[in-house]
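Structure first, commentary second.
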Amino acid sequence: MKTNEKQQEQQRELHSKLWAIANDLRGNMEANEFKNYILGLIFYRYLSEKVEKRANELLLGEDITYFEAFLNDEYKELLEEELIGELGYFIEPKYLFYSLIKLIEEGNFDIEILQEAINYISSSTIGQNSQDDFDNLFEDMDLTSTKLGKDVKSRSKLIEKVMGKISEIDFNHEDTEIDVLGDAYEYLISQFAANAGKKAGEFYTPQQVSKILAKIVTVGKTDLKNVYDPTCGSGSLLLRVSKEANVRKFYGQELTSTTYNLARMNMLLHNVDYTNFDIKNDDTLENPMHLDIKFEAIVANPPYSANWSADSKFLDDERFSQYGKLAPKSKADFAFITHMIYQLDESGTMAVVLPHGVLFRGAGEGVIRKHLIDKNLLDAVIGLPSNIFFGTSIPTVILVFKKNRDNSDILFIDASNEFEKGKNQNNLTDENVNKIINTYINRKTLEKYSYVAKIDEIKENDYNLNIPRYVDTFEEEEEIDLDEVSKNILKIDEEISEIDKKLEVYLKELGL
C-alpha cells in the first residue's frame, strides 16, 4: 500500500471514531470547546499507557504487577522515582486510563475521579525538571463546566461515553503515517469550522506539505542537532522532520495557549522525551524566546499576512535592522522570514510556506526581498496548488533559504497544476511530492515545470519572483478555423428557419 493510501485509510478510521465522539458532545457545546475534551482525553490515555508499559518493564522478572507493586512502600518509592526521572511524570495505578474504564464498566465511575487523576499528573511534576513541560497541559479541559451537564452525574455519564470511544482508537505509532493529535485537531476544526471561528491551517500543516518541507531541510543529512519552528502550531511540522532524519532537539514557539498545549502533548505523544523539546508560549516576533540559539533546520507555516506592531524599535533589532525597512503592519510575512534567517545556522536550511504576495509586493517588502536576493540567501521558490490547506483556497509558495550557497542562481518550480482533486480540498500525491523533491535536488530546468534562473534575470525582472515570469506553463490553444465556424453558423441559421416554418404551420392548424 502506498504511503498516501495508507494515510487516507488511517485517517478514515480515526475520523469515523472522532465523529462518533463528537456526536455525543455536539448538543452540549461548540466544536472549538469539545475538541479540547477529545484531544485532552486522548492524551491522558496515552500518558497512562506509557506509564503502565514502562512500569511493567521495570518490574520484569519480579513476578509482580504494577498494581501489586504499588501496595509495597519500597516498590512504590522506587517506581515513582524511576518513572518521574525517565518520563517526567507519574500516574499511580488507580488513576490509569484503563483503571477508569474498568470503573465505567462496573458502574462506579465519577468525573471527579478523572479530575483527581489529571491533577495527580500535574502535581507529580512539581519541583521536577519536567514541571514547565507539563504545566497547565490540561487547562482547556474543564471537567466542572455545566456545558458537560448540569450536575456531576450527568457530566460523568457524558464523559463515560467519550472515554469508551477513545479507548477504541488505535495508537499503533510504529506503523502510523498520520499525526494522530494533529490530524484529529484538523478534522474536528474542518467539520465544525463555522462554530469554531478558527482556521485549522493556522495550527496544522497537511502531512504532504510537511513532508516536502522536512525533506528539503534534511537533504544530504541524516542527523540534525536541532530543528526550529517559530509558529509551531500543533508541532506537526517539527515532528515530520524527525521522520526524515534523527533530530536531537526540537524548538518551537506558539502564540495561542490552547495550541501551545497541543504542541507539547503532540511531542510527548510521539515519544519525544521532555528533555528533548523546548516549546514556548509567546509572540515570536514581539517576544522571541530562543534568540541565543542558531538552528540547523528551520520549518514554518506562519499565519499568512498577519498583523504585527512594526514598531520603529525593531529597526534596531538585529533580526530586522540590516534590511533598512520593516515588514508592513498588516503583513508580517517578511518579519517572519527575516526572524528565521537570523536564527539559521551557517550550514542550515530553512523552508517556509507563505502566500504568493511575498513574491512580488513592493514598498518595504520589495526592499527586503531585494536584500535577500542580493545577499544570495534565496535558494528556491516552489509554487503549490490552490486549496490544499483547510481554511484558505489560495495557492501558496514554499521559499527555501540557505546562508552558504554554492551557487548564485534561484530554482523555480511550478507544481501548482499537479495534484489529486479531493471533495473539499486538493491533495498532493506521493508522486507529486517526489517530483518536487527530485527537481529540487537535481536543480534542472524541466519544460513547463521548473527553471533555474540566473541572478541577472531576477534583476531584469526588478526582483519580482512571480513564478510565471520564469516557468512558462502556457498551453497553446488549438487554432479556430473561422471559415468552418461561419459555415456552421449559416447551417444552423437555415435549420432554425426550417423549424420556424414548420412551427408556423402547426400554429395555424391550432388557430393561434
Side-chain angles (χ1 to χ4, degrees), residues 43 46-47 50 84-89 121-122 124-140 179 181-182 185 203-205 210 213-214 217-218 221 223-303 318-319 336 339-352:
F43 182 60
Y46 172 76
L47 291 181
K50 195 166 184 178
I84 288 177
E86 282 190 33
L87 306 180
Y89 68 97
I121 294 173
S122 298
S124 74
T125 69
I126 293 173
Q128 306 296 327
N129 293 333
S130 58
Q131 182 173 341
D132 288 346
D133 298 307
F134 285 82
D135 189 37
N136 294 323
L137 264 180
F138 293 96
E139 69 176 348
D140 298 305
D179 165 2
L181 270 178
Y185 186 90
F203 310 121
Y204 179 77
T205 306
S210 294
L213 298 175
V217 299
T218 56
K221 297 178 179 179
D223 182 78
L224 294 172
K225 65 180 178 182
N226 54 29
V227 62
Y228 172 61
D229 184 344
T231 57
C232 68
S234 67
S236 64
L237 250 177
L238 289 169
L239 289 162
R240 182 68 232 192
V241 175
S242 67
K243 288 200 171 189
E244 304 299 332
N246 176 55
V247 176
R248 283 179 256 168
K249 189 146 186 178
F250 300 84
Y251 291 85
Q253 191 162 335
E254 172 55 40
L255 176 60
T256 307
S257 296
T258 297
T259 320
Y260 158 69
N261 290 335
L262 180 64
R264 291 186 295 160
M265 288 182 187
N266 223 353
M267 287 287 145
L268 294 163
L269 185 129
H270 283 81
N271 288 317
V272 178
D273 191 274
Y274 71 93
T275 60
N276 293 334
F277 70 84
D278 183 359
I279 310 289
K280 300 296 187 187
N281 179 206
D282 214 320
D283 187 311
T284 299
L285 297 179
E286 305 288 340
N287 191 24
M289 307 294 275
H290 301 105
L291 275 188
D292 57 331
I293 306 170
K294 300 297 181 186
F295 299 104
E296 193 172 356
I298 299 178
V299 288
N301 177 24
E318 286 187 281
R319 295 174 294 162
F336 283 115
H339 164 83
M340 288 184 277
I341 286 173
Y342 177 80
Q343 302 245 225
L344 186 63
D345 187 84
E346 292 298 316
S347 62
T349 303
M350 161 186 153
V352 54

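Sequential numbering from 1 along the given sequence is applied to the chain's residues.
Arg264 contributes a side-chain N or O that, together with a main-chain N or O of Asp132, makes up a donor-acceptor pair within less than 3.5 Å. Asn226 places a side-chain N or O within donor-acceptor distance of the main-chain N or O of Glu296, the cut-off being under 3.5 Å. Counting only distance, with no hydrogens or angles, the side chain of Gln343 and the backbone of His290 share a donor-acceptor pair below 3.5 Å. No donor-acceptor pair under 3.5 Å is formed between the side chain of Asn136 and the backbone N or O of Glu139. Side-chain atoms of Asn266 come within 3.5 Å of backbone atoms of Ser234 as a donor-acceptor pair (strictly under, hydrogens ignored). Side-chain atoms of Tyr46 come within 3.5 Å of backbone N or O of Leu268 as a donor-acceptor pair.
Here the closest non-hydrogen pair linking Gln131 and Thr125 is CB-O, 3.4 Å. Nearest heavy-atom pair, Lys221 versus Ser347, reported as atom, atom and distance to 0.1 Å: NZ-O, 3.0 Å. Of all the heavy atoms in Gly235 and Met267, the pair that sits closest is O-CE, 4.1 Å. Nearest heavy atom pair, residue Ala263 against residue Ile279, reads CB-CG2, 4.3 Å. Considering every non-hydrogen atom in both Asp345 and Lys225, the closest pair reads OD1-NZ, 3.4 Å. Shortest non-hydrogen contact noted between Lys294 and Leu344 is CD-O, 4.3 Å.
Side-chain atoms of Val299 and Arg240, non-hydrogen and from C-beta on, never get closer than 4.5 Å to each other. Contact check for Cys232 versus Phe250: no side-chain heavy atoms found under the 4.5 Å cut-off. Here the side chains of Val272 and Leu239 are in contact, with some heavy-atom distance below 4.5 Å. Within the 4.5 Å cutoff, the side chain of Phe336 has heavy atoms near those of the Thr231 side chain. Residues Asp278 and Met289 form no side-chain contact, since every pair of their non-hydrogen atoms from C-beta on lies 4.5 Å or further apart.
The distance from atom CG of Asn287 to atom CG of Asp282, rounded to the nearest 0.5 Å, is 4.0 Å. Distance check: Leu213 CG to Asn301 CG gives 7.5 Å after rounding to the nearest 0.5 Å. The CG atom of Asp135 sits 8.0 Å away from atom CG of Leu137, with the distance rounded to the nearest 0.5 Å. Separation of atoms CZ (Phe134) and CE (Met265) is listed at 11.0 Å; rounding is to 0.5 Å. Interatomic distance, CG of Asn271 versus CG of Leu87, reported as 9.5 Å (0.5 Å rounding). Atoms CG and OG1, from Asn281 and Thr256 in turn, are 8.0 Å apart once rounded to the nearest 0.5 Å.
Paired with Pro230 under the rule side chain to side chain contact (heavy atoms under 4.5 Å, CB included), one option of Gln253, Glu254, His339 passes, and it is His339. Considering Tyr251, Tyr342, Phe295 as possible partners of Tyr228, the one that fulfils the ring pair (Phe, Tyr, Trp, His ring centres under 6.0 Å) test is Phe295.
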*Show your reasoning for whether side chain to side chain contact (heavy atoms under 4.5 Å, CB included) applies to Met350 and Val217.*
CA-CA 6 Å; Met350 161 186 153; Val217 299; 5.8 Å; no
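Qualifying side-chain hydrogen bond (donor to acceptor under 3.5 Å, both in side chains) partners for Lys249, counting only residues two or more places apart in sequence or in other chains: none. Under the salt bridge (charged side-chain N to carboxylate O under 4.0 Å, His left out) criterion, Asp223 pairs with Arg248, not counting sequence neighbours.
Checked against the 6.0 Å centroid criterion, the rings of Phe43 and Phe138 qualify as a close aromatic pair.
Counted within 6.0 Å of CG on Asn129, heavy atoms from surrounding residues, nucleotides or ligands total 12 or fewer; the atom is thus considered open.
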